[in-house]
Structures are given as C-alpha cells and as structure tokens.
Asks: 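My questions all concern the structure below.
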There are 2 protein chains.
Amino acid sequence: MDTRQKIIDAAIIVLNEDFSSPLDKIAERTDLSRRTLHRYFTDRAELIEACREDMLRTWQAAMLQACGSTEDPLLQLEQMLYAGIDCGVRYIFLHKLLSQPEANKATGIPQNTTYETTRDNWFQLIPALQRRQLISEQVNAAWIRLLFIQMISVTVQAYQSGDIAQNDIKQLAWYSFRRSIGME
Amino acid sequence: MDTRQKIIDAAIIVLNEDFSSPLDKIAERTDLSRRTLHRYFTDRAELIEACREDMLRTWQAAMLQACGSTEDPLLQLEQMLYAGIDCGVRYIFLHKLLSQPEANKATGIPQNTTYETTRDNWFQLIPALQRRQLISEQVNAAWIRLLFIQMISVTVQAYQSGDIAQNDIKQLAWYSFRRSIGME
DNA sequence: GAAATATGTCACAACAATGTGACATCAATC
DNA sequence: GATTGATGTCACATTGTTGTGACATATTTC
C-alpha cells in the first residue's frame with residue numbers, strides 16, 4: 001500500500017485527537033520511523049496541508065456522489081448524511097480544522113474558497129426544503145447545520161465505542177437527525 | 001476575583017481547544033504572567049487536576065439540583081440538559097478528558113469513581129423512561145447518551161457562533177434532543 | 001509610611017520536539 | 001551477486017516548553 005497515504009491516514013486520526021501531538025506518535029501509528037515520515041513530508045505544515053487536501057478531496061467526492069444519485073432533496077439530505085458518516089474522522093477533522101482560523105494561520109494553511117462554496121451549496125438545501133414545507137421554518141438553518149455536523153461526530157463515536165450494533169447505526173443517525181430538525 | 005479560579009477558567013477554555021497547548025497561552029488569556037500561574041500551580045499536571053476537580057464539582061452540583069427540582073423523570077431529563085448547557089465548556093471538556101484514559105495516564109489523573117457512579121445514576125433514567133413507554137424502546141440507551149452529550153456541545157457552539165438568537169437556544173436544544181431520541 | 005502580599009521581569013537549566021545528514025540494512029530487480 | 005530503492009539507526013543543531021530562583025515593582029493592610 002502507498003506509504004504516503006498510510007502516513008496521511010495515521011496523521012488524520014492522531015491529529016484529530018490532539019492537534020499538537022508530536023510527529024513521533026504519528027510515525028508510531030504507521031510502524032514507520034520518524035525519519036521515514038520526514039522523507040515524505042519535509043515539514044509538519046506540509047503533512048497537515050496534505051491531510052487537509054486529502055480530507056477535502058474525499059469529502060467533496062462523497063458529497064457530489066450523494067447529491068448526484070437523486071433529484072429528491074429529501075433523499076439528497078439523507079445521502080449526504082451517509083456520505084459524511086462514511087468519511088468518518090476525515091469529515092470531523094476537516095470541519096474542526098477549517099472552523100479554527102487561528103490554527104490555520106499558525107500552520108500557514110491558505111483559505112480555501114472551494115471548500116466554502118461547496119459547503120454553502122449543500123446548506124442551501126435546507127432553506128429549499130423549508131420553503132417546500134418539508135422542514136419546519138421554525139427551526140433555524142444555522143442550527144440545522146450544527147446538528148448535521150454533530151450527528152456525524154456522534155455516529156463515528158458510536159462506531160468506535162462498540163456499544164451499538166454496527167448495522168443499525170446509519171439508520172439510527174438518519175432517524176435522530178431528521179427528527180431533530182423537525183421532520184416527520 | 002479569585003486569581004486561582006481565574007486561571008482555572010482560562011485553562012478549561014484553552015485546554016478544551018488544544019490539550020497540549022503551552023502554558024503561555026493560558027497565562028495570556030488571564031492577563032497574568034506565566035510565572036504567576038506557576039505560583040498557583042507548580043505543575044501542568046496540578047493545573048489539569050484542578051480543572052478536573054472544578055469541572056466535576058460544577059457538573060455534579062448542577063445535575064443534583066436539576067434532579068432535585070422535580071419528581072417527574074421527563075422534567076428531570078429536560079432540567080439535566082439545561083444544567084449541562086449551563087456548565088457549557090466545562091461539561092464538554094470534562095467528558096472529553098474522562099473518556100480518554102490515555103490522556104489521564106499521561107497526566108497522572110486518578111480514576112474517579114464518584115464521576116462514574118454519578119454519571120451512571122443519570123443514565124439509568126433512560127431505561128426507566130423507556131419502561132414507562134415515554135421513550136421508544138427501539139432506541140439504544142448508549143445512543144441516547146451520546147446524543148445527550150453532543151447536544152450540549154452543539155448548544156455551546158451555537159452560543160459561541162452568534163448565528164442563533166440566544167434566547168431560543170435552550171428550547172431549541174430540548175426540542176431537537178427529545179425528538180432525536182424518539183419522544184413525542 | 002512600613003510591612004506584607006501579589007505580581008512582573010529576567011535569566012537559566014532541563015527537557016522535548018523538530019528537521020537533517022551520514023551511514024547501515026534489507027528486499028526486490030536486473 | 002551487484003544495483004537500486006525504501007527504510008532504519010544514530011547523531012546533531014535548533015528551537016520551543018517547562019519549572020524555578022533572584023530581584024524589582026506595585027498594591028494592600030496595619
């Protein structure tokens with residue numbers, strides 16, 4: 001398997017838990033030495049940048065596919081949730097990273113307009129659904145956005161905890177999410 | 001105001017964002033020098049321990065009050081949610097800290113059985129409500145527990161973001177939470 | 001205003017994390 | 001079996017973080 005990708009995968013998991021974690025921990029998780037890690041990424045910043053690009057690519061691909069699979073905006077929303085869940089830790093870390101501009105400045109990550117526009121497209125779905133009376137207009141769109149992100153976080157934790165039957169989790173997530181935003 | 005407490009408050013906020021953050025950042029947030037911080041807490045471990053105790057105390061007091069205010073288990077659950085929200089970042093950080101035993105070992109935090117028993121008491125409420133048919137028995141108790149914790153996190157973010165009317169947030173949180181677990 | 005208390009500034013040693021060079025080792029390929 | 005490519009080991013300079021001592025400067029209390 002691609003060593004570079006193996007490092008990125010490990011970095012995403014470790015840095016998601018603790019953003020200031022030393023590179024040794026990432027190397028440890030890949031069964032490679034820190035020296036090898038540095039052969040692929042000269043810099044910590046370069047590694048983080050690679051993680052960001054990887055997460056962004058994965059997320060955008062998943063979201064595009066989810067939206068392309070149907071015309072029904074309700075089904076689109078459901079598929080978007082599943083797509084986020086499939087991205088898992090990537091999705092969570094990406095949003096954590098991009099919602100903390102201080103961290104970005106420190107690591108020199110450029111502002112990514114692709115992300116913003118893509119994201120904004122997804123979340124224009126909500127007002128559209130509200131106009132069609134499929135979601136109560138009482139519930140704030142910003143609130144729904146927070147619930148969406150957090151539902152993916154809950155789901156990832158559920159998978160990791162092992163306390164919940166793996167097969168049920170996705171349906172459970174969609175059930176809880178759609179009810180939390182006032183559907184059905 | 002109590003300087004010691006001021007430091008703890010700052011530490012909770014900063015460490016919640018980045019657990020490995022240098023002490024300078026905490027000191028900066030209090031408008032005190034790092035030297036003064038070290039006069040109150042000789043050690044980083046000691047400061048973290050103080051944060052843990054502070055969070056635990058605040059949380060337990062809030063939860064006890066919430067449960068003592070009524071006999072109705074449904075109202076109790078609602079009050080518990082509001083209590084968690086009032087604890088805010090404290091609640092989130094406490095759960096983050098106590099759910100990562102690796103971090104505890106590193107900092108020498110002792111396992112706290114008071115926390116576990118108190119927590120377990122609260123979450124015995126769920127099965128009780130399910131037996132009374134107030135919550136669907138279809139929904140897993142572990143899942144509900146995750147939703148509860150995350151709903152508080154969402155609410156704190158909503159307060160911080162400023163995108164949502166402050167007055168509405170608590171009611172919004174209770175509405176979304178109770179529907180997400182299958183009530184009403 | 002003198003004494004006591006709290007805080008700031010500076011310097012410093014100890015340690016941890018980073019990034020790199022030099023060279024060894026191992027496996028695959030020719 | 002010699003060569004190449006990927007990785008490991010070790011050493012090293014550099015930088016960031018930590019905890020502490022010595023002393024200066026307010027601020028409060030008597």
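Letters go in sequence order (proteins before strands), and every chain restarts at 1. If you're wondering where the values come from, they're calculated on a predicted model, not measured in any experiment.
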Asks: Mind checking which nucleotides bracket the chain A contacts on DNA chain D, 5' to 3', with an atom under 4.0 Å from a heavy atom?
Replies: D:dT7 to D:dT9
Asks: Just to verify, what does A:Asp31 make a side chain to side chain contact (heavy atoms under 4.5 Å, CB included) with, not counting sequence neighbours?
Replies: none
Asks: Is the ring pair B:Trp59/B:Tyr91 parallel, tilted or perpendicular, if the boundaries are 30 and 60 degrees?
Replies: tilted
Asks: Cluster question for you: counting only ILVMFWY and a side-chain heavy-atom cut-off of under 4.5 Å, with indirect links fine, are B:Leu75 and B:Tyr175 together?
Replies: no
Asks: Just distance, no hydrogens or angles: give the donor-acceptor pairs under 3.5 Å from side chains in residues 127-136 of chain A, sequence neighbours left out.
Replies:
{"from": "A:Gln130", "atom 1": "NE2", "to": "A:Ser136", "atom 2": "O", "distance (Å)": "3.2"}
{"from": "A:Gln130", "atom 1": "NE2", "to": "A:Val139", "atom 2": "O", "distance (Å)": "2.7"}
{"from": "A:Ser136", "atom 1": "OG", "to": "A:Gln138", "atom 2": "N", "distance (Å)": "2.9"}

Asks: Is it true that a side-chain atom of A:Thr58 and a backbone atom of A:Asp54 form a donor plus acceptor pair closer than 3.5 Å?
Replies: yes
Asks: Tell me which residues in residues 30-41 of chain B lie within less than 4.0 Å of DNA chain C, going by non-hydrogen atoms.
Replies: B:Asp31, B:Leu32, B:Ser33, B:Arg35, B:Thr36, B:Arg39, B:Tyr40
Asks: Inspect the contact between A:Asp86 and A:Lys170 and indicate whether a charged nitrogen and a carboxylate oxygen are less than 4.0 angstrom apart.
Replies: yes
Asks: Using distance alone, with no hydrogens and no angle criterion, decide if A:Ser161 and A:Gln157 have a side-chain donor and acceptor under 3.5 Å apart.
Replies: no
Asks: Per the side chain to side chain donor-acceptor pair (under 3.5 Å) rule, what does the pair list look like for residues 18-28 of chain A, sequence neighbours excluded?
Replies: A:Asp18-B:Ser20, A:Ser20-B:Asp18
Asks: Quick check on A:Glu53: does its CD atom have over 12 non-hydrogen neighbours (other residues, nucleotides or ligands) under 6.0 Å away?
Replies: yes
Asks: Any chain of hydrophobic side-chain contacts (each under 4.5 Å) joining B:Ile13 to B:Ile7?
Replies: no
Asks: Does anything in residues 20-29 of chain A reach DNA chain C, meaning a heavy atom under 4.0 Å, and if so which residues?
Replies: A:Pro22, A:Leu23, A:Asp24
Asks: For B:Gln5 and C:dA6, give me the distance from atom CD to atom P, rounded to whole Å.
Replies: 17 Å
Asks: Atom CG of A:Asp18 to atom P of C:dA17: distance rounded to whole Å?
Replies: 11 Å
Asks: Tell me the interatomic distance from A:Asp43, atom CG, to C:dT18, atom P, rounded to whole angstroms.
Replies: 11 Å
